[in-house]
Amino acid sequence: MKLIYNIGLLVGIQPEGVLRLEGPAQGQTGTLENAWLAIENGRIKAFGPMSSLDVTPGPGQESLDACGGMLMPGFCDSHTHVVYAGSRDGEFLDKINGLSYEEIAARGGGILNSSDLLHATSEDELYKQSMVRVQEVMEKGTVALEIKSGYGLNPEDELKMLRVIRRIRETVPAAVKSTFLGAHAVGRGYSHEAYVQAVIDMIPQAAEYADFVDVFCDEGFFTVEDTERILSAAKGLLTPKIHANELAVSGGVQVGVKHGALSVDHLERTTDAEIEALRGSDTMPTMLPGSSFFLGLPYGRAKDYLKAGLGVALASDYNPGSSPCGDMRFVMAQGCIKMRLTPVEAFNAVTLNSAYAMGLSHELGSVTVGKKAGLILTHPGWNLTKIAYHYQTPFLREVFF
Ligand code: NIG
Ligand code: FE
């Protein structure tokens with residue numbers, strides 16, 4: 001057993017069975033000052049105020065003096081593309097010179113550029129390059145992440161990506177969920193129609209590796225009708241998580257909700273109709289402020305979603321084209337600074353709600369007895385407001401998995 005004592009602030013305490021936080025509940029979190037927490041076999045065994053700690057930590061019992069630091073659930077990142085090959089830094093100059101995401105893609109850059117690089121990279125090398133990024137985000141406090149395919153864009157290379165994701169899942173202490181995003185862009189050599197059919201044909205094999213299916217349902221990529229066909233083919237095999245409303249109001253939210261999507265992600269462009277469609281559903285609206293920042297897109301209307309009684313998750317979208325950064329603390333800070341979420345709302349968005357958006361909130365995302373001890377211990381004196389406010393000052397002392 002491991003005992004962490006002298007915790008200045010224990011945050012993210014939730015009763016068992018709370019799997020997501022919506023509306024006003026997203027602005028609340030259970031907090032304990034001067035606390036202890038015990039971990040056994042990687043799970044939270046118990047916690048309480050220091051006044052209730054009758055066992056003095058001694059020899060034989062592994063113990064850690066938190067020295068007044070804050071202990072919080074680790075970050076859960078429900079939307080990433082960290083498996084990719086090489087770099088797209090060449091496109092960064094095009095972007096600086098004023099080309100839009102769509103214009104870069106239309107010139108053969110973007111996703112197809114990553115697809116060519118991935119095709120030319122061995123599976124081992126792809127694993128090594130991707131692991132550098134997974135290591136990076138774990139060091140920054142991410143204890144769970146979803147990883148998508150979608151740079152293969154043909155059956156062989158999509159499976160190569162899914163095998164790499166599986167290998168990462170088997171190697172790292174963080175929890176990993178896998179998503180088949182065959183419908184990320186039309187693969188080279190296919191017509192649009194032939195590629196949609198190819199994606200449908202890939203589903204049974206992809207389902208042996210992946211937990212979820214995703215479609216980039218957006219202007220210039222895949223239509224609502226394409227999405228409808230792909231999700232119908234995946235029914236019973238893979239739960240949907242949809243890229244929707246990044247480049248245009250796409251109808252992706254509605255088709256996702258209709259097919260019981262666990263999340264609909266991006267939502268930079270939404271009208272009240274999307275908020276209405278999400279009401280009463282099990283789908284978690286997920287916003288990716290890193291892409292708004294990098295591409296200069298509007299930030300999602302998180303506050304309006306909360307006002308409508310919905311919950312909101314935030315994720316990094318770590319990828320080489322629209323969000324080359326997987327720092328979930330920066331995501332949380334942007335939630336506060338750009339989307340006007342309170343620090344507690346943003347914190348719940350990057351922990352419990354993001355865990356929900358990848359089907360992990362029964363295991364992670366809050367301080368709850370029995371859950372996995374995926375936790376972050378900070379240096380003394382930190383609280384949720386400060387970690388978003390001083391968003392670049394080192395705060396992290398240790399990450400527990
Ligand atoms: O979530 N929008 C689609 N896919 C990614 C970008 C992928 C890329 O450009 O490589 C995203 O933003
Ligand atoms: Fe994405």
Side-chain angles (χ1 to χ4, degrees), residues 77-92 94-95 99-119 126 129-130 133 145-153 157-158 161 165 177-187 199 212-222 226-227 240-250 252-253 256 261-269 284-300 313-326 328 331 354 357-358:
D77 191 352
S78 63
H79 183 137
T80 86
H81 309 249
V82 289
V83 171
Y84 64 84
S87 170
R88 302 232 300 266
D89 56 358
E91 292 170 16
F92 191 39
D94 292 338
K95 181 188 132 55
L99 291 191
S100 70
Y101 184 80
E102 294 94 317
E103 285 164 339
I104 291 171
R107 286 175 20 147
I111 296 168
L112 286 180
N113 185 358
S114 285
S115 162
D116 293 341
L117 289 165
L118 187 130
H119 183 70
L126 181 62
Q129 291 184 14
S130 307
R133 289 181 282 272
L145 71 160
E146 178 258 21
I147 309 175
K148 298 174 195 294
S149 74
Y151 295 119
L153 309 183
D157 291 333
E158 280 296 307
M161 288 193 77
I165 298 169
K177 288 284 185 177
S178 170
T179 300
F180 171 55
L181 175 57
H184 198 193
V186 173
V199 169
F212 307 117
V213 61
D214 194 345
V215 176
F216 188 6
C217 181
D218 222 320
E219 199 168 83
F221 289 85
F222 294 91
D226 299 331
T227 309
K241 277 168 71 67
I242 301 297
H243 274 76
N245 297 42
E246 175 185 5
L247 308 171
V249 175
S250 70
V253 170
L262 190 52
S263 71
V264 285
D265 302 29
H266 271 291
L267 314 178
E268 284 88 347
R269 304 176 198 274
M284 178 62 71
T286 300
M287 295 173 193
L288 313 169
S291 339
S292 299
F293 173 73
F294 191 77
L295 297 181
L297 302 175
Y299 285 83
L314 297 177
S316 76
D317 198 17
Y318 196 176
N319 78 75
S322 67
S323 180
C325 171
M328 286 295 281
V331 168
S354 195
M358 54 178 151

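Please read these numbers as outputs of a predicted model, since none were measured by experiment. Indexing begins at 1, ligand by ligand and atom by atom, following the structure's order.
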Using the ring of Phe216 (Phe, Tyr or Trp, six-membered ring only), decide whether Lys148 places NZ or CZ under 6.0 Å from its centre and within 45 degrees of its axis.
no
State whether a side-chain donor-acceptor pair under 3.5 Å links Thr80 with Asp77.
no
Taking the side chain as every heavy atom from C-beta outward, state whether His243 and Leu181 have any pair of such atoms under 4.5 Å apart.
yes
Looking at the rings of His184 and Tyr151, which for Trp means the six-membered one, are their centres under 6.0 Å apart?
yes
If you measure only the distance, is there a donor-acceptor pair under 3.5 Å linking the side chains of Glu91 and Asn113?
yes
Please check if any side-chain donor atom of His266 sits under 3.5 Å from a side-chain acceptor atom of Asn245, or the reverse.
no
For the Fe ion (ligand 2), state how many protein N, O or S atoms fall inside a distance shorter than 2.8 Å.
4
How are the rings of Phe221 and Tyr101 set to each other: parallel, tilted or perpendicular (split at 30° and 60°)?
tilted
Could you list each nitrogen or oxygen of ligand 1 that sits under 3.5 Å from a protein nitrogen or oxygen, with the atom names and the distance?
unit_1, atom_1, unit_2, atom_2, d
ligand 1, 1 (O), His81, NE2, 3.4
ligand 1, 1 (O), His243, NE2, 2.9
ligand 1, 1 (O), His266, NE2, 2.8
ligand 1, 1 (O), Asp317, OD1, 2.8
ligand 1, 1 (O), Asp317, OD2, 2.9
ligand 1, 2 (N), Glu246, OE1, 2.6
ligand 1, 4 (N), His184, NE2, 2.7
ligand 1, 9 (O), Arg88, NH2, 2.9
ligand 1, 9 (O), Tyr101, OH, 2.6
ligand 1, 10 (O), Arg88, NH1, 2.9
ligand 1, 10 (O), Arg88, NH2, 3.3
ligand 1, 10 (O), Tyr151, OH, 2.6
ligand 1, 12 (O), His266, NE2, 3.4
ligand 1, 12 (O), Asp317, OD2, 2.9
ligand 1, 12 (O), Ser322, OG, 2.4

Any heavy-atom pair between the side chains of Asp317 and Val331 that's under 4.5 Å?
no
Are Thr179 and Lys241 close enough that a side-chain donor and a side-chain acceptor fall under 3.5 Å?
no
